[in-house]
Amino acid sequence: MPTRSDTRARPAVRRLWLRLEWLLLVAATLTLAVVLHDGVLAPVDRIVYDRLIGLLARPAPSDIVIIAIDDKSIAELGRWPWKRGLHAQLINLLDNANPRAIGLDLILTETDPASATADRALAAAMNRNRNTILPILSMQGDSGIAPRLPLPALASAAAGLAHIQVRLDEDGRVRAIEPFLQIGRYRWKAFGLALQELAAPTALPQPAATPLQLPFFGPAGHFTQVSYVDVLHGATPASLFHDKTVLVGVTAAGLGDLYPVPAGVGGSLMAGVEIHANMIGALREGRAIDNASAAMAIAFNALPALLVLLAFTLLAPRAALLLTGALTLAIAATSILLFGHDLWLPPAAALLLLWLVYPVWSWLRLQSALRYLDQETTRLAASAPFEVQARAVSRRWDFLERRIEAARTATLRLLDLHQFVNDTMESLPDAELVINGEGRLVLFNRKAQELFADLGSPPVPGLAIDVLLRSLNASHDWRGLHVAGEDGYARQEVSDSRDRIFALRSTPARNARGQTIGAIVSLADITALRNAERQRDLSLNFISHDMRAPQSSILAMLALHRQGQLVLEQEAMFARIEKSVRSTLSLADDFVLLARAKAGKPLREELNLDALLADAADSLWPLARERNVRIDIDGDGLPHWVAGERQMLVRALANLLSNAIKFGPPGGRILCTVQHESQALAPWLACHIDDKGAGLPADGAQLFEPFYRAGQDAQPGIGLGLSFVQTVTQLHGGQVSAHNRDGGGARFTLRLPALDEMP
């Protein structure tokens, strides 16, 4: 059997292991937060990014216009590429409208002798307005990547050259553009940046060299677009381009200048010229989607998981699960809110860590709980007083099922033990209370419930023991209940408002480690015991005084007679001796009859109360004749049947009549009346005995107590007669009472349950 030191050591070791596992999980969480922030979950984060990009949708700037080389223009002007003379006409038309800047997103690197005149015309048009930006290409050569410029005449006529490279992510979608790109020996600006600087040279600061993540204005076709052929033929008014930034580029599906964009902006292809238009608009607004710093991303990944780990030490599993759900919503809301303010904080790593921590820590706690349950169920099985038959587990290889069965068996053992304690307490004959270390009620049995409910202070769990003790007139601190005497108990006697006496006994209650955790209080009703002790003392006094007195009188008279100091005739001496002996016999007879009446149930036979009363009156005829008292019996002419023992009932009635004769006046009359009385539950017979004496004394409430004598100097006796009457009456299920009559004298009434009238 495990010792107390083993019992204390096990929880300490379990707590140490659990804390160590918790610290290891914290360290693993921080490590993963650092590892995962560096793009490990980028594919997942890109899906979220693409969905959130739609939140940034807004009206496209009205001062950016796209002249689209669309399918309509291809159909009317012929197949691509067109002669550069058309572009020269377009530039001249636009020049008349005085736009701020023109971006000609066309590849003009090929030399064609047949179109030399058209090239010169295009160069001349660009020379006139000096606000046209041309693109360059990057080409892979023997010496590395090198720029491929437009034709020299065109390049020199342009206001600037810029790269049109878009940045494709791993999934092939365009989300950003490099504002600056090193191609060969030169650092080239992006097409959109060059156009914006040309249109507003001092409006905005220079962007950073990092990729500019575009906050797209909307899906493809969101910007104002007009068809190339409509502008060329004058179908579009020139005023549309006044003071605007104009981009000319390919939008037709078959010309290869279309790129996949995030799903949140339509999930379709977008022309390169419109991507550049989005960049111009973003630069004009001073907006770009910034990536969170590494420190911020690591903190964002780790903090929710660490909060849940901390909550595991303070909260129940269900509360921790609710917190995990709340933090999940908080992560999503934070990421969405920051994205709405152009800050991208990827949520995938934070969510992954959060939902990894909960099952891992739950598994660790479950393992710890299972180990603990295994140990404790084994220990409980070794110490349980009753054996519990375990159910057969159908799948014994199932680990969890075996543990559940072990827990069920342990629970049944605890329930059996609890029921055993309850049954034991209920079987005890005394009121039992169990209090905790704070003096509050924990358990109590039915006897205690009945006792204190009768005193107006029903016990309930959690009630302070002081409240109950006050109802028993106990004036002491409840902490004294924990202090035991040499025999292990603390004792005292208390009483209630009904003069009942209780022996209060308490003993400390200890747990399995020997620590005092409360007290067990027992309340035994010793009122009958104390009354019996008082009766015993009175009986001893009776034996030593009242019964010895006649015998001592006989011995003294004989001694005086032998010494010649007392001269009596033989007849007179014998008469005195006979009187003393009869007095002693009468006292002994009364005592024996009273003891017999209190000893148990009487014999049951059907008796006529009128006949019993007559027998009692006949037995007292000598005493009545001596005092010249007449006894009259008055009935209603009907028989009055009761069930009981003849000798006891006759003697009880005789005691009442003897009492009336002794305390009534000489020459008086005693009236005995027997009549039926109607009660709620059953019929009764009442026997009234009326005398014409002085009545009952002031302390008449004690008339029926043993050894009580009213007017002790006036009448002989030891006070057992009326006590015998009360005992016999109660033994027969009846009651006796006495009170003074209005016309003088006293009335004693003996009531007994009536039988059905006999034939």
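We use all heavy atoms of the structure for the numbers below, so side chains are in, but hydrogens, waters and symmetry mates are not.
- Rounding to the nearest 0.5 Å gives a distance of 9.5 Å between CG of L149 and OG1 of T109.
- Of all non-hydrogen atoms in M279 and P179, the two that sit nearest each other are CE-CA, 4.0 Å.
- In this structure, the side chains of W188 and S138 stay at 4.5 Å or more apart for every pair of heavy atoms.
- When ring centroids are compared, F191 and H276 come within the 6.0 Å threshold.
- Here the side chains of P260 and L269 are in contact, with some heavy-atom distance below 4.5 Å.
- The closest donor-acceptor contact from the side chain of E170 to the backbone of P43 lies at 3.5 Å or more, if one exists at all.
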Determine, stepwise, if the pair T236 / D230 fulfils side-chain hydrogen bond (donor to acceptor under 3.5 Å, both in side chains).
CA-CA 6 Å; T236 301; D230 289 341; 4.9 Å; no

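- In this structure a side-chain-to-backbone donor-acceptor pair under 3.5 Å is missing from E178 to R167.
- The side-chain heavy atoms of L106 and I69, taken from C-beta on, include a pair separated by under 4.5 Å.
- Here the straight-line distance linking atom CD1 of I289 with atom NE2 of H341 works out to 13.5 Å at 0.5 Å rounding.
- Between L283 and L212, the closest side-chain pair of non-hydrogen atoms falls below 4.5 Å.
- Side-chain N or O atoms of R187 include none that pairs as donor or acceptor with a backbone N or O of Q182 at under 3.5 Å.
- In this structure, the separation between CE on M270 and CG on L258 is 10.5 Å, given to the nearest 0.5 Å.
- With rounding to the nearest 0.5 angstrom, the CD1 atom of I280 is 4.5 Å from the CG atom of L195.
- In this structure, the separation between CD1 on I177 and CD1 on I275 is 6.0 Å, given to the nearest 0.5 Å.
- Of the possible donor and acceptor atoms, one in the side chain of H242 sits under 3.5 Å from a partner among the backbone N and O of A97.
- Of all the heavy atoms in P215 and A288, the pair that sits closest is CD-CA, 4.2 Å.
- Among residue pairs with one or both ends in residues 23-71, those qualifying as ring pair (Phe, Tyr, Trp, His ring centres under 6.0 Å) are Y49-F339, Y49-W344; sequence neighbours excluded.
- Within the 4.5 Å cutoff, no side-chain heavy atoms of V26 are placed close to those of T29.
- Residues L198 and T245 have side chains not in contact (no heavy-atom distance under 4.5 Å, counting atoms from C-beta outward).
- Side-chain atoms of S335 do not come within 3.5 Å of backbone N or O of P346 as any donor-acceptor pair.
- Using a 4.0 Å cut-off between charged nitrogen and carboxylate oxygen, K244 and D63 do not count as a salt-bridge pair.
- When all heavy atoms of I91 and A125 are compared, the closest pair comes out as CG2-CB, 3.6 Å.
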- Query: Hey, mind stepping through L30 and L306 against side-chain contact (heavy atoms from CB on, under 4.5 Å) and telling me if it holds?
  - Reply: CA-CA 8 Å; L30 291 173; L306 293 178; 3.7 Å; yes

> Going through the checks in order, is the side-chain contact (heavy atoms from CB on, under 4.5 Å) test met by V265 and N278?
Replying inline: CA-CA 12 Å; V265 290; N278 275 278; over 6 Å; no

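- Formation of a donor-acceptor pair under 3.5 Å by the N131 side chain with backbone atoms of P99 is found in this model.
- Every residue meeting the side chain to side chain donor-acceptor pair (under 3.5 Å) condition with R175, not counting sequence neighbours, appears here in chain and number order: D50, D169, D171.
- Just one residue in the list L307, V357, V308 forms a side-chain contact (heavy atoms from CB on, under 4.5 Å) with T324, and that residue is V308.
- Of all heavy-atom pairs spanning P304 and L354, the tightest one is O-CD1, 3.7 Å.
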_ring-ring contact (aromatic ring centres under 6.0 Å, His included) for W363 and W361? Distances and angles first, verdict last._
CA-CA 5 Å; W363 171 73; W361 180 248; over 10 Å; no

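- Contact record, P262 with I53: CB-CG2, 3.8 Å, taken as the closest heavy-atom pair.
- Between T210 and N291 the shortest side-chain heavy-atom distance does not fall below 4.5 Å.
- Counting only distance, with no hydrogens or angles, the side chain of S73 and the backbone of V229 share a donor-acceptor pair below 3.5 Å.
- Taking the side chain to side chain donor-acceptor pair (under 3.5 Å) definition, one finds that Q165 meets it with nothing, sequence neighbours left out.
- A perpendicular orientation is assigned to the rings of F223 and F217, their planes being inclined by more than 60° (bins at 30° and 60°).
- For the pair L255 and I74, the minimum side-chain heavy-atom distance is below 4.5 Å.
- Between the CG atom of L32 and the CD1 atom of I298 there is a distance of 12.0 Å, given to the nearest 0.5 Å.
- Between the R130 side chain and the A157 main chain, a donor and an acceptor come within less than 3.5 Å of each other.
- For R51, the CZ atom is loosely surrounded, since the number of other residues' heavy atoms within 6.0 Å does not exceed 12.
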- prompt: What's the verdict on side-chain contact (heavy atoms from CB on, under 4.5 Å) for L134 and M126, showing C-alpha distance, side-chain angles and the deciding distance?
  reply: CA-CA 10 Å; L134 293 180; M126 289 191 293; 4.0 Å; yes

_Check against side-chain contact (heavy atoms from CB on, under 4.5 Å), V261 and L214_ = CA-CA 10 Å; V261 291; L214 297 175; over 6 Å; no

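- Looking at R148 and E110, a side-chain N of the basic residue comes within less than 4.0 Å of a carboxylate O on the acidic one, giving a salt bridge.
- Taking the six-membered ring where the residue is Trp, H87 and Y228 present perpendicular rings, their angle passing 60° and hence far from 30°.
- The shortest non-hydrogen separation linking F180 to H163 is C-NE2, 4.3 Å.
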